[in-house]
Amino acid sequence: MRHGPILAPQQAKEMMSLTATLSQMFGDAFASQGLDTSYGTVVVSARPDLAQFQCNGAMAAAKQAKKNPREVAQSVIDNLVDKTPFAELGLAGPGFVNITLTDEYLAEYIDSLDEESKFGTLTDEPKKIVVDYGGPNVAKELHVGHLRPAIIGESVKQTLRYLGNDVVGDVHLGDWGMPYGQLIADLEDRFPDWPYFDESKTDGYPETSPLAIEDLQVLYPQAALRAKEDEDFAARARAAVVELQAGRPGYRALWQHMRDISIAAMKKVYDRLNVHFELWYGESTINHRLKPMVKRVSDSGDAYESDGALVIEVMTDEDTKEIPPLLVLKSDGASLYTTWDLATIEDRVEEFGAEEILYFVDVRQGLHFEQVFRAAHKTGIAPPEVVLEHPGNGTVNGPDGKPFKTRDGGLLTLRELIDMVVERAAQRIEENALAAEFDDEEKGEIAEMVGVAALKYGDLQNHRSSNYIFDVDRFTSFDGKTGPYLLYGAVRMQSVLREAGGRGLAAGTVIAPTVDQERNLMLQLARLPEVVARTAEHRAPNHIAEYAYELVADFSRFYEVCHILREEDQARQASWLHLIELALAELRLLLSLLAIDVPERM
RNA sequence: GCCCCCGUAGCUCAGCUGGACAGAGCAAGUCACUUCUAAUGACUAGGCCGCAGGUUCGAAUCCUGUCGGGGGCGCCA
C-alpha cells in the first residue's frame with residue numbers, strides 16, 4: 001500500500017475519473033458550439049487498435065442541430081481549450097472522435113490515484129437505502145435458492161455504500177406465516193405437557209429452546225405434509241397462527257425459540273459467504289403496524305372487499321396489460337405476505353427514512369412486487385419520491401439447465417453446496433505440489449477462501465437476472481475467468497511487493513509507459529470509477545466481476561514482460577512498484593465489493 | 001387465454017441501456033519456462049447475434065410478427 005499524506009476527512013480530495021475529465025473537456029467544446037455538454041461524453045474506445053478513447057456525441061448532436069456530423073466533430077476538436085493531454089485526436093467514420101492520450105498525461109493521472117480519492121470515484125448524493133436480500137424462512141435450512149439473492153444483494157449493498165450512501169441490509173426473515181401455525185399445532189400434539197401450551201401461564205417459559213435446529217428441519221416438512229392431508233389439523237394450524245399473531249404468550253415464547261435457533265444456524269452459513277445483515281428483521285417485526293395500516297387503506301377507500309377478501313386495485317387507465325388487484329387480507333381476515341410487505345415499506349420509510357428500497361429476490365416474484373409497489377405508492381404508504389425496485393435474480397441450474405437439485409431430486413442445502421465447492425478446491429490445491437509446504441490448518445483456510453471465491457465469482461460473473469449452470473469443475477479451475485484465478489493474481493501482486501519490501505525497494509512516481517502492456521495496465525487502472533458506478537446503477541455486480549478479471553489479466557501480461565525486481569532503471573522500477581500497489585489496492589477493493597476474501601498466499 | 005424473461009462461437013456466458021470489422025473463458029491446434037508463485041503468457045481457428053420484416057446515417061441492442069425454451073397470473077411465500 002502506498003501511504004500518501006494523511007488527510008483529515010473534510011480535506012479528503014475529490015477527484016474526477018479520467019473519462020469524466022475528458023468528458024468535461026469535450027463537453028465544454030460542445031458548449032462552445034452552442035450544443036449540450038452531455039454530448040461530450042467520452043468512453044473507452046471500442047477499437048483499441050485505433051484509439052484509447054472515443055467521443056460519439058457529434059453524431060447525435062448533429063442530428064438534433066440538423067448539421068453535418070463530421071463538421072460538428074471537427075469543430076469540437078478545434079475548440080478544445082487544452083490540447084496538451086492528447087497525443088492524437090482523429091475524426092473517423094460518420095463522426096467518431098478518436099482520442100489517444102500522451103503517455104506523460106496518462107502517467108501523471110495514474111500517479112494521482114489513491115485509496116483516499118477512491119481512485120477517482122465520485123460519491124453519490126448520499127441516500128438512505130434499504131437492501132432487502134435474504135428472505136429465508138425460519139425453521140428451514142438455507143438452500144441453493146438463497147445463494148443468489150444473498151451474494152448479489154451483499155455486493156450491491158457494499159457498492160452503494162462505497163459510493164457514499166447510507167445503506168442497511170435487512171434479511172427480512174420469513175417468520176410469520178402458516179408454517180409456524182403448523183409447527184406449533186404439531187408440537188402441541190407431540191408435547192402437550194410443554195409449558196408453552198398451558199393457557200393459564202403467561203410467563204416463566206424455559207430460557208433455552210427445547211428444540212435444536214436439526215429437530216426443526218425434521219418437524220417442519222412433517223407438519224406441512226400433515227396440514228395438507230389432515231383438514232382438521234390444518235384448521236387447528238390456522239387457528240394457532242391467528243393466536244400467535246394475536247400474541248398468545250406461550251406460542252410467542254415457543255416461536256421465539258424457533259426463530260433464535262434458526263437465526264444462529266443461518267448466520268453460520270451466511271458468514272461463510274461473507275454475507276452480513278445489519279438487520280435481522282422479519283415479517284413479524286411489523287406486526288404492530290398491520291391493523292392501523294389496514295384500517296387506513298380501508299378508510300381511504302383504496303382497499304375494498306372482493307369475494308370476502310380485502311384488495312387494492314393497482315391497475316390504472318394507462319395500463320394496456322392486465323394487472324390483478326393486490327390481496328391485502330384473506331377472506332378469513334388474516335394477513336398475508338402482501339400485508340407484511342406493505343407494512344414493512346411503511347416501517348422502512350418511517351423508522352429509517354428510506355429513500356430507496358431494493359428487493360434482491362427471484363425474478364419470478366416480479367408481478368407480486370409490481371403490485372406491492374403500485375399499492376404502496378397509491379396509498380401513500382410510500383411517498384411518491386421513494387424508489388421501490390425489484391432487481392430480480394435468476395436461478396442456479398444444474399448441468400441439465402434446470403434448477404439445481406440433488407441426485408435424488410431433493411433441494412440441495414446451501415451448506416452442502418458450499419462444502420461441495422470447498423472440497424473440490426481442496427482437491428485442486430492438493431493436486432498441486434506447491435501447496436505441500438503449507439500446514440493442514442493453512443491449507444484448510446485457503447481451501448475455504450478459494451472454494452467460496454470460486455462459488456461466488458462463478459455466480460457473480462453472470463448477469464444478476466440470468467439463469468446460469470452451476471459447474472464445480474469449471475468454477476474451481478485455476479485457469480480462465482474464475483475466482484481462483486483472481487485470487488492468484490492478487491497473491492502474485494502481494495508476493496512481488498513483499499519481495500520488493502524485503503529488498504528495501506519503495507514505490508515512486510509513476511512515469512510515462514514505454515511498453516504496451518504497461519500502458520494498457522494504466523488505462524485499465526483508470527477505468528474503476530465508471531465500472532463501480534455502472535454496477536450501482538444497474539444493481540449488477542457482473543460489471544465489477546468482469547472488470548476485476550480484465551484488471552488481473554492486464555496485470556499478468558504486464559508482469560510477464562516487465563520484470564520488476566530485475567529492472568535496473570531505479571525510477572522505472574519505482575514506478576512499476578507503484579503500479580503494482582495500485583493494481584493490488586484496486587483489486588482488493590473490487591473483490592471486497594464482491595464480498596470475496598483474499599488470502600495472503602496460496 | 002393474458003403477461004414477463006431468454007434464444008450470441010462446439011460448451012458456459014458478457015456485451016456499459018443505438019455506434020466503427022460482434023467479445024471473454026473453456027475445449028481444439030501451435031509456441032514460450034536456469035521466472036518476481038508457468039496455479040502464467042503469446043498466437044491460430046471458430047458466429048447470416050433463432051427467423052422475417054420495420055425505424056435509423058448506423059441495430060445483437062428499439063418496434064412488429066413468427067418459431068423454440070423457461071417463468072408468472074387474489075386467499076402459499
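Chain A is the first sequence line, chain B the second, and so forth, proteins listed ahead of strands; every chain is numbered from 1.
A straight line from CD of A:Q494 to C1' of B:U37 spans 12 Å, rounded to a whole angstrom. In this structure, CE of A:M315 is placed 12 Å from C1' of B:C3, rounded to the nearest angstrom. Atom CG of A:L487 and atom C1' of B:U37 are 14 Å apart (whole Å). Between the CG atom of A:L342 and the P atom of B:A77 there is a distance of 14 Å, given to the nearest Å. Rounded to whole Å, the distance from NZ on A:K443 to P on B:A39 is 16 Å. Taking atom CZ on A:R238 and atom C1' on B:A77, their separation rounds to 17 Å, with Å as the unit. Rounded to a whole Å, the CG atom of A:D516 is 16 Å from the C1' atom of B:C43. Rounded to an integer number of Å, the gap from CZ of A:R374 to P of B:C3 is 14 Å.
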**Request:** Take A:R464 and A:F360 through the side chain to side chain contact (heavy atoms under 4.5 Å, CB included) test and state the conclusion after the steps.
**Result:** CA-CA 9 Å; A:R464 131 179 90 63; A:F360 288 88; 4.3 Å; yes

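A:R238 has no carboxylate O lying under 4.0 Å from a charged side-chain N of A:D332, or vice versa, which leaves the two without a salt bridge. A salt bridge links A:R519 with A:D516: at least one charged nitrogen is closer than 4.0 Å to a carboxylate oxygen. Comment: A:D400 does not engage A:K402 in a salt bridge, judged by the lack of any side-chain N to carboxylate O separation of less than 4.0 angstrom.
Using modelled atom types, one finds no donor on one side chain facing an acceptor on the other under 3.5 Å when comparing A:N287 with A:S284. For the residue pair A:Y180 and A:D175, no side-chain donor N or O sits within less than 3.5 Å of a side-chain acceptor on the partner. Between the side chains of A:Q64 and A:Y39, at least one donor N or O sits under 3.5 Å from an acceptor N or O.
Glycosidic conformation of B:G53: anti, with the torsion beyond 90° of 0.
In this view, A:E600 satisfies the side chain to side chain donor-acceptor pair (under 3.5 Å) rule with no residue, not counting sequence neighbours. In this structure A:E499 satisfies the salt bridge (charged side-chain N to carboxylate O under 4.0 Å, His left out) test together with A:R503, sequence neighbours excluded. With sequence neighbours excluded, no residue forms a side chain to side chain donor-acceptor pair (under 3.5 Å) with A:Q371. For A:K321, the salt bridge (charged side-chain N to carboxylate O under 4.0 Å, His left out) partners two or more places apart in sequence, or in a different chain, are A:E370.
Note on A:A92: a base of the nucleic acid sits closer than 4.0 angstrom, heavy atoms only. If you check every strand for non-hydrogen atoms under 4.0 Å, A:D319 touches nothing. Within the 4.0 angstrom heavy-atom criterion, only backbone atoms of the sugar-phosphate kind lie near A:R566; the bases stay farther away.
Of the side-chain N and O atoms in A:S495, one or more sit less than 4.0 angstrom from OP1 or OP2 of B:U37. Put simply, A:Y457 has no side-chain N or O that comes within less than 4.0 Å of OP1 or OP2 on B:C13.
For the salt bridge (charged side-chain N to carboxylate O under 4.0 Å, His left out) condition, the pairs that include at least one residue of residues 48-61 of chain A, sequence neighbours left out, are A:R47-A:D49. Residue pairs meeting the salt bridge (charged side-chain N to carboxylate O under 4.0 Å, His left out) criterion with at least one partner in residues 465-488 of chain A, sequence neighbours excluded, are A:R424-A:D473, A:K481-A:E546. Every pair passing salt bridge (charged side-chain N to carboxylate O under 4.0 Å, His left out) that includes a residue from residues 551-560 of chain A is listed here, sequence neighbours excluded: A:D554-A:R557.
Separating the P atom of B:C43 from that of B:A9 is a span of 23 Å, rounded to the nearest Å. Taking atom P on both nucleotides, B:A39 is separated from B:U34 by 14 Å, rounded to a whole Å.
Using the six-membered ring where Trp is involved, A:H463 and A:H543 have ring planes that are perpendicular, over 60° apart on the 30 and 60° scheme. Between A:W255 and A:W176, the ring planes are perpendicular. Angles over 60° get that label, and only those under 30° would be called parallel.
Of the candidates B:C13, B:G19, B:A39, the closest approach to any side-chain atom of A:Y488 belongs to B:A39. Side-chain proximity of A:E546 to the nucleotides B:C13, B:A20, B:A14 is greatest for B:A14. Closest to the side chain of A:H563, from the set B:U40, B:C36, B:A20, is B:C36. In this structure, of B:U12, B:U40, B:C36, it is B:U12 that holds the atom nearest to the side chain of A:I469.
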Identify all pairs in which a protein N or O lies below 3.5 Å from an N or O of nucleotides 71-76 of chain B, and state each distance.
from, atom 1, to, atom 2, distance (Å)
B:C75, O2, A:S331, N, 2.5
B:C75, O2, A:S331, OG, 3.0
B:C75, N3, A:S331, OG, 3.0
B:C75, N4, A:D307, O, 2.7
B:C76, OP2, A:K330, NZ, 3.4

Which atoms of nucleotides 5-9 of chain B (N or O only) lie under 3.5 Å from a protein N or O atom, and what are those distances?
none

Expected rows: protein N/O vs nucleotides 55-57 of chain B N/O, under 3.5 Å:
none

Can you check nucleotides 25-31 of chain B for protein contacts, nitrogen or oxygen pairs under 3.5 Å, and list what you find?
from, atom 1, to, atom 2, distance (Å)
B:G25, O2', A:K481, N, 3.3

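Residues from residues 526-544 of chain A placing a heavy atom under 4.0 Å of any atom in RNA chain B, listed by number, are A:R534, A:N542, A:H543.
When the shell of 6.0 Å around OH of A:Y281 is examined, it contains 12 or fewer heavy atoms from other residues, nucleotides or ligands.
The nucleotide B:C13 finds its pairing partner in B:G23, both defining distances of the Watson-Crick or G-U wobble pair being shorter than 3.5 Å.
Checked by distance alone, A:D49 brings no side-chain donor or acceptor within 3.5 Å of a matching partner on the base of B:A20. Judged by distance alone with a 3.5 Å cut-off, no donor-acceptor contact links the side chain of A:E550 to the base of B:A24.
You'll find the ring centres of A:H390 and A:F373 outside the 6.0 Å limit.
Taking a centre distance below 5.5 Å and an interplanar angle below 30 degrees as the stacking criterion, A:Y559 stacks against the six-membered base ring of B:C36.
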